[in-house]
Amino acid sequence: MAAKEDRLASIKLTKVDDLFSTEESRNDSQREKVMDIPLAEISEFPGHPFKVRADEAMLEMADSVKQYGVLVPGLVRPKVGGGYEMVSGHRRKKASELAGMETIPCLVRELDDDQATIIMVDSNLQREYISPSEKAFAYKMKLEAMNRQGQRTDLTRSQVGNKSAAKKSSEILAEQMGESKNQIFRYVRLTELTPPILEMVDDKRIAFNPAVELSYLAEKEQQALFDTMQAEDCTPSLAQAQRMKKMSQEGRLNTDVIYTILTEEKPNQKEKMSIQRERIDRFFPRDFSEKQKEDLIVQLLESWYKRRQREHER
């Protein structure tokens, strides 16, 4: 009798409902569910490196959301003080705002900072186009998160004498992205550029390889370089960038040296047409980048050329 009572005492019933529920229904209750969350309760991911642009593609997405709703739920995590933090779905959130929606369907998941960072980066790296600066900060954020999770990594140089047989996080990320480990490091170097020069890289006014070399210049040197590039309407070649990096490391780089290097004639240099900025800047919105200004000028010239062609054919 005592043995029977012991067996009965060992049975633990956490809920009365467990007496009448199946294992499948209990598992189903633990699965993540999609919730309609007010947009006002969702904040941006801290340091989110990917730009959410109100471009033509965004306007098309907003039209789609207006007609059909958000078809793929976003992913958020609860904040300690209340509300939610967007992990995946920043573009869907922006499109919902433009479409006049008040809520967005989301999965709510408990994630620590590093888990959330890795998911955020991975979900955004699937975009069709990613600018060099977006990729640079995304790689850096993911590598740092992987490092905190226990992976070995070094953001500036390869490790020496690593006795561990496990792969370093830089090697894992390189395999995931289909890039070499050195290329991962080169992208991370771009995060050392000042914002104005990094914008020139995104606008394709400075090529990737020279930009990596320029990232080794001190902040004051980069400011002097930017001012000289703006004044002289020129950018450094790879060879020139390498010379500036070397002279910076030797403590011999200053504004005069930067000017001398940038204004020297380059091999096969073609004469360029230049227009004084004050003559055309007044025609553009203040937030237009140099690339947007150039694109608009080319579009207008193409339109003018086609109109002239039609006039000649009459």
Side-chain angles (χ1 to χ4, degrees), residues 31-32 35 37 41-53 72-94 104 106-195 198-199 201-202 208 211-212 215-216:
R31 292 193 184 104
E32 294 174 333
M35 299 171 54
I37 299 177
E41 294 183 13
I42 305 175
S43 62
E44 302 296 310
F45 193 93
H48 189 256
F50 298 93
K51 298 180 179 70
V52 179
R53 302 175 179 87
V72 180
L75 176 64
V76 298
R77 63 171 180 162
K79 295 171 66 176
V80 176
Y84 302 89
E85 185 178 277
M86 182 63 75
V87 177
S88 174
H90 288 78
R91 284 176 55 79
R92 280 162 278 171
K93 178 174 179 285
K94 181 65 175 179
I104 182 174
C106 292
L107 287 168
V108 181
R109 185 179 302 172
E110 292 284 350
L111 298 165
D112 64 32
D113 291 345
D114 295 328
Q115 290 171 330
T117 295
I118 290 172
I119 293 173
M120 180 275 295
V121 170
D122 286 347
S123 62
N124 282 279
L125 285 175
Q126 308 305 317
R127 292 185 184 184
E128 184 176 349
Y129 173 74
I130 304 172
S131 68
S133 67
E134 291 173 327
K135 189 179 287 190
F137 282 102
Y139 284 175
K140 182 177 182 179
M141 289 179 72
K142 184 171 180 179
L143 281 171
E144 289 175 344
M146 293 169 73
N147 183 44
R148 286 190 295 267
Q149 286 186 330
Q151 300 284 358
R152 293 174 175 266
T153 186
D154 187 322
L155 296 183
T156 57
R157 61 186 183 278
S158 299
Q159 292 186 4
V160 178
N162 181 7
K163 296 180 180 179
S164 172
K167 288 183 179 178
K168 291 177 284 189
S169 54
S170 56
E171 295 171 336
I172 295 171
L173 182 57
E175 290 178 0
Q176 292 174 347
M177 296 297 102
E179 308 221 48
S180 69
K181 186 176 68 173
N182 286 341
Q183 189 71 348
I184 296 292
F185 290 147
R186 285 157 63 78
Y187 267 109
V188 172
R189 280 299 321 174
L190 295 185
T191 64
E192 300 296 327
L193 290 170
T194 57
L198 190 53
E199 182 180 347
V201 180
D202 282 346
F208 178 79
V212 173
S215 71
Y216 290 90

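This is a predicted model, so every value here is computed, not measured.
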Who pairs with [X] by side chain to side chain contact (heavy atoms under 4.5 Å, CB included), at least two apart in sequence or on another chain?
| X | answer |
| --- | --- |
| D122 | I118, K142 |
| S180 | N182, Q183 |
| S215 | R189, E192, L193 |

Answer yes or no: is there a side-chain heavy-atom contact under 4.5 Å between [X] and [Y]?
| X | Y | answer |
| --- | --- | --- |
| Q149 | Q115 | yes |
| L107 | V76 | no |
| K135 | M177 | no |

message: K93: which residues meet the salt bridge (charged side-chain N to carboxylate O under 4.0 Å, His left out) condition with it, sequence neighbours left out?
response: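 Partners of K93 by the salt bridge (charged side-chain N to carboxylate O under 4.0 Å, His left out) criterion, ordered by chain and then number, come out as E44, E97.
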message: Going by salt bridge (charged side-chain N to carboxylate O under 4.0 Å, His left out), name the residues that satisfy it together with R109, two or more places apart in sequence or in a different chain.
response: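 E32.
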field: Polar contact flag, side-chain donor to acceptor under 3.5 angstrom, D202-S133
entry: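 Their side chains do contain a donor-acceptor pair, which is all the 3.5 Å distance test asks for.
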message: Below 30° counts as parallel, above 60° as perpendicular, anything between as tilted: where do the rings of Y139 and Y187 land?
response: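 Y139 vs Y187 ring planes: perpendicular.
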field: Under-4.0 Å salt bridge between D112 and R148
entry: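 Answer for the salt bridge query: no.
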query: What distance separates D114 CG from M141 CE, expressed to the nearest 0.5 Å?
result: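 That separation rounds to 10.0 Å.
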message: Nearest 0.5 Å, please: how far is CG in N147 from NZ in K168?
response: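 Here the rounded value is 12.0 Å.
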If you look at every heavy atom in [X] and [Y], which pair is closest and at what distance?
| X | Y | answer |
| --- | --- | --- |
| V201 | P132 | CG1-CB, 4.0 Å |
| N124 | I130 | O-CD1, 3.9 Å |
| I37 | C106 | CD1-CB, 3.9 Å |
| V87 | F45 | CA-CD1, 4.3 Å |
| P78 | Y84 | CA-CD2, 4.0 Å |
| M86 | L75 | SD-O, 3.7 Å |

query: Got a sec, which residues hit side chain to side chain donor-acceptor pair (under 3.5 Å) with E134, two or more places apart in sequence or on another chain?
result: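 Partners of E134 by the side chain to side chain donor-acceptor pair (under 3.5 Å) criterion, ordered by chain and then number, come out as S131.
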Side chain to side chain donor-acceptor pair (under 3.5 Å) involving E175 - partner list, sequence neighbours excluded: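 K167.
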message: Suppose we screen for ring pair (Phe, Tyr, Trp, His ring centres under 6.0 Å). Which residues come up paired with H48, at least two apart in sequence or across chains?
response: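 F50, H90.
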- request: Just grab all the salt bridge (Lys or Arg N to Asp or Glu O under 4.0 Å) pairs involving residues 75-92, residues at least two apart or on different chains.
  value: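 Salt bridge (Lys or Arg N to Asp or Glu O under 4.0 Å) check on residues 75-92 returns R77-E85, R77-D113.
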